[in-house]
A.B. asks: 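One structure follows; several queries about it will come next.
When a ligand or atom number is given, it counts from 1 through the structure's own listing order.
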Amino acid sequence: MKKITLLLIYSLYVFAAKAETGYDLWLRYKPVENKILLQSYRKSITTIITKGSSETMKIANDELMNGLSGLLQIKINNSTAVNRDGSVIAGTPGSSTLISQAGIDGLLQKTGEEGYIIVTKIINGKKCILISGNSDKAVLYGSFHFLRLLQTEQSVQHLNILSVPRIQHRMLNHWDNLNRTVERGYAGFSIWNWHTLPGYIDQRYIDYARANASIGINGTVLTNVNADATVLTKPYLEKVKALADVFRPYGIKVYLTARFSAPMELGRLKTADPLNAEVQNWWKEKVKEIYSYIPDFGGFLVKANSEGQPGPQDYHRTHADGANMLADAVAPFKGIVIWRAFVYSNENPVDRHKQAYDDFVPLDGKFRTNVMVQVKNGAIDFMPREPFHPLFGAMPKTPLMMEFQVTQEYLGQGTNLVFLAPLFKETLESDTYYKGKGSTVAKVIDGSLDDHQLTGMAGVANIGNDINWCGHPFAQANWYALGRLAWDHDLSSRQIADEWLRMSFTNNPAFLQSAAKIMLESRDIVVQYSNPIGLHHIMSTGHHYGPAPWVSNLNRSEWNPVYYHKADSIGIGFNRTGTGSNALAQYKPEARKQWENMNTCEEKNLLWFHHVPWNFSMKSGRNLWDELCYQYYTGAERVKQMQTDWNALKPLVDKQRFEQVRQLLDIQHQEAIWWRNACLLYFQTFSKMPIPAQYEKPDKTLEYYKSLRFPFAPGN
Ligand code: BDP
């Protein structure tokens, strides 16, 4: 009896001691918890045979060795020949005769450059597992997939996996400045320490590359879209080269943001006009210089003529003129240009929702073949909920790249637990109807609808130098989700949440059930307590932290929240129908149908498209005002439920991460109440209707909420 108690105390002690910082992300390789599975894994996996001498293959080998010895808690040996059951053979047909003679040529014809297979085969009479593809990088991807099978406790008995990425360019966009601040970053400072580069290679750069490779990310834009031309100077290119050299064996290419006026700022030219020969030449020379440092440089990401950035329109040229000039410069080196469609102008009185479409649709067919136009998921700006951007399906001749925001600028920043896969999926699964039913946004961006080979998906990174990379322990899941969906947009949010939880915490079924529920509901919850029923952009201005629907004094009209909600004595919402801005006309008639009639419009987007009377009768039977109250109160209440659910998981989570999430959920609950109270008190000044009696009344005044200031809010 005494012995059992001691054992129990001992195991509790060990558990408590294993506080985790989160630095290891989803690559922890903790011992397999399920003892029966562990035994079967140990039988199925005994030896590793990796073939090929490249750095990439060495990385794959080390990952398999480290991963398997961590997971299986036995010594795994490297070997060169198959002489026992359980050999894991990793390599390409070019590097390994074991692979080239294994009868898998047919399969490898289907995997392209980056796809891979993981199959069970009998070789020399022994049961083996083959991880193979047509490049070393593909083998590395396959190795991470194989490890994931064990991390998530899948069987490895009869493997028959073939996996090919749906999207060619799977990228992170860092909005990192050269002074190490991160625009819209909530996880500390930039991980790029420009000052100590190129001499000092932080272990983090390597770990970053490894984490990205594990989820198939193959490109990274190192610098902010609000670009600084300094990064194109020699000393900085030497630093960029150092990073590119670290990332290359992990299959990751480096890209930079190009400041359009760089020829003037660095080259002392009088103009940056893209049709000017001297300007064109300056870029050609600059590009040559870049490739002399980084022979596989990916290309440029450009924000032009948007929010004060310079661009071709400064010279009365089009976005295509600007993009093509850069495209011609990088084309000889096989580089690409990613030109952003996030443009709007305060001189243009047209609904901001419509401006990018108006600017870009006439340019369809005018871009060089190495240009992609990068479009945000929605037409306004990464809102908690947005209808899909009308450009998807409207530029069939141009490869459109998806831009999601992984950093939570508008979804609770660093303090809220919000899993973004449901948001990403909502956009990807939206039907544009542009080639009939089933013309989803996913099929536009994966090139399948218009037969584009050049395809891409990017996420604005949420990574900083915080010990756990992303600030909120659950924010790592959004980095993970971006990579997984860029590889395969058919994966469900549940599957991604489940994988990430198993690898980042535990395979314990009780934990998984409850934690997955928290994650999967979290995005709906943040919408409910911040921007329900299609409200948008009512965050505080500048830093975007918290609510400020009352702001109306900024000189750019579309930077004022009142521009978006248009509350008045009659109702609330932005009329984007034919009697209003008619942004709806930018969608195909069948897509429009779900929104155009106020009485049948899907309610989650109602106030996005309609100015709706306060007494309008909603599907619930409540009038609009009461429904607004219901949504705000329910959202805040559901955060309480998240807290209760999380607290119940205490015995199953290490102390450090349990406490971090617990405290952050407390903050989130306070913030949800702040959103609820501030918005309802403010909108009530228009509706003049009471908050229904069953709800507890706000304990502070509207004046109090209006007086709040956050001069040092992060990310600004
Ligand atoms: C907005 C951000 C701003 C970015 C801009 C962009 O508030 O910081 O520069 O998007 O995407 O959401 O260019």
A.B. asks: Under 3.5 Å, is there a donor-acceptor pair linking the side chains of Gln355 and Asp358?
C.D. replies: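 Checked: Gln355/Asp358 side chains show no N/O donor-acceptor pair below 3.5 Å.
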
A.B. asks: Does one side chain, of His353 or Trp608, offer a donor that lies under 3.5 Å from an acceptor on the other?
C.D. replies: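 A donor-acceptor contact under 3.5 Å links the two side chains.
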
A.B. asks: For atom 7 (O) of ligand 1, find the nearest protein heavy atom and state the residue, atom name and distance (0.1 Å precision).
C.D. replies: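 So the nearest neighbour among protein heavy atoms is Glu409 OE2, 2.5 Å.
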
A.B. asks: What residues, two or more places apart in sequence or in another chain, satisfy ring-ring contact (aromatic ring centres under 6.0 Å, His included) together with Phe424?
C.D. replies: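 Residues passing ring-ring contact (aromatic ring centres under 6.0 Å, His included) with Phe424: Phe404.
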
A.B. asks: Any side-chain to backbone donor/acceptor pair from Asn324 onto Lys366? Under 3.5 Å, distance only.
C.D. replies: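 Yes, because the side chain of Asn324 sits within donor-acceptor range (under 3.5 Å) of the backbone of Lys366.
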
A.B. asks: Are Trp595 and Tyr587 close enough that their ring centers fall under 6.0 Å?
C.D. replies: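 Yes, they do, as the ring centres are separated by less than 6.0 Å.
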
A.B. asks: Record the part of Asn226 in heavy-atom contact with ligand 1 below 4.0 Å; permitted values are side chain, backbone, both and neither.
C.D. replies: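 For Asn226, the contact with ligand 1 is made by the side chain alone.
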
A.B. asks: Under 6.0 Å between ring centres: does that hold for Tyr410 and His544?
C.D. replies: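 Centroid distance Tyr410-His544: below 6.0 Å, so yes.
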
A.B. asks: Would you mind running through ligand 1 and noting each atom that sits below 4.0 Å from a heavy atom of Asp381?
C.D. replies: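 Those of ligand 1 that fall under 4.0 Å from Asp381 are 1 (C), 10 (O), 12 (O).
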
A.B. asks: Hey, what's the ring geometry for Phe247 with Tyr208, parallel, tilted or perpendicular (30° and 60° as the breaks)?
C.D. replies: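 The rings of Phe247 and Tyr208 sit tilted, inter-plane angle from 30° to 60°.
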
A.B. asks: Which atoms of ligand 1 sit under 4.0 Å from any heavy atom of Arg184?
C.D. replies: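 It comes down to these atoms of ligand 1: 2 (C), 3 (C), 7 (O), 8 (O).
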
A.B. asks: Using a strict cut-off of 4.0 Å, indicate which atoms of ligand 1 neighbour a heavy atom of Glu307.
C.D. replies: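 Close to Glu307: 4 (C), 5 (C), 9 (O), 13 (O).
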
A.B. asks: Considering only the protein, which heavy-atom contact is closest to atom 13 (O) of ligand 1, and what is its distance?
C.D. replies: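 Of the protein heavy atoms, Lys303 NZ, 2.6 Å lies nearest.
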
A.B. asks: Test your reading of the structure: does Gln405 have an N or O sitting under 3.5 Å from an N or O of ligand 1?
C.D. replies: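 N/O-N/O distance below 3.5 Å does not exist for this pair.
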
A.B. asks: Test your reading of the structure: does Glu403 have an N or O sitting under 3.5 Å from an N or O of ligand 1?
C.D. replies: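 The answer is no, given that Glu403 and ligand 1 share no N or O pair closer than 3.5 Å.
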
A.B. asks: Considering only the protein, which heavy-atom contact is closest to atom 3 (C) of ligand 1, and what is its distance?
C.D. replies: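 Of the protein heavy atoms, Glu183 OE2, 3.4 Å lies nearest.
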
A.B. asks: Which option wins on minimum heavy-atom distance to atom 6 (C) of ligand 1: Trp559, Tyr410, Phe382, Phe342?
C.D. replies: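 Result: the heavy atom closest to atom 6 (C) of ligand 1 is in Phe342.
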
A.B. asks: Establish, from distance only, whether the side-chain atoms of Glu671 and Tyr545 form a donor-acceptor pair under 3.5 Å.
C.D. replies: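 Result is yes, a qualifying pair exists.
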
A.B. asks: Measuring from non-hydrogen atoms of Lys376 to any atom of ligand 1, is the shortest distance under 4.0 Å?
C.D. replies: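 In this structure, Lys376 qualifies as a contact of ligand 1 - some heavy atom is under 4.0 Å.
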
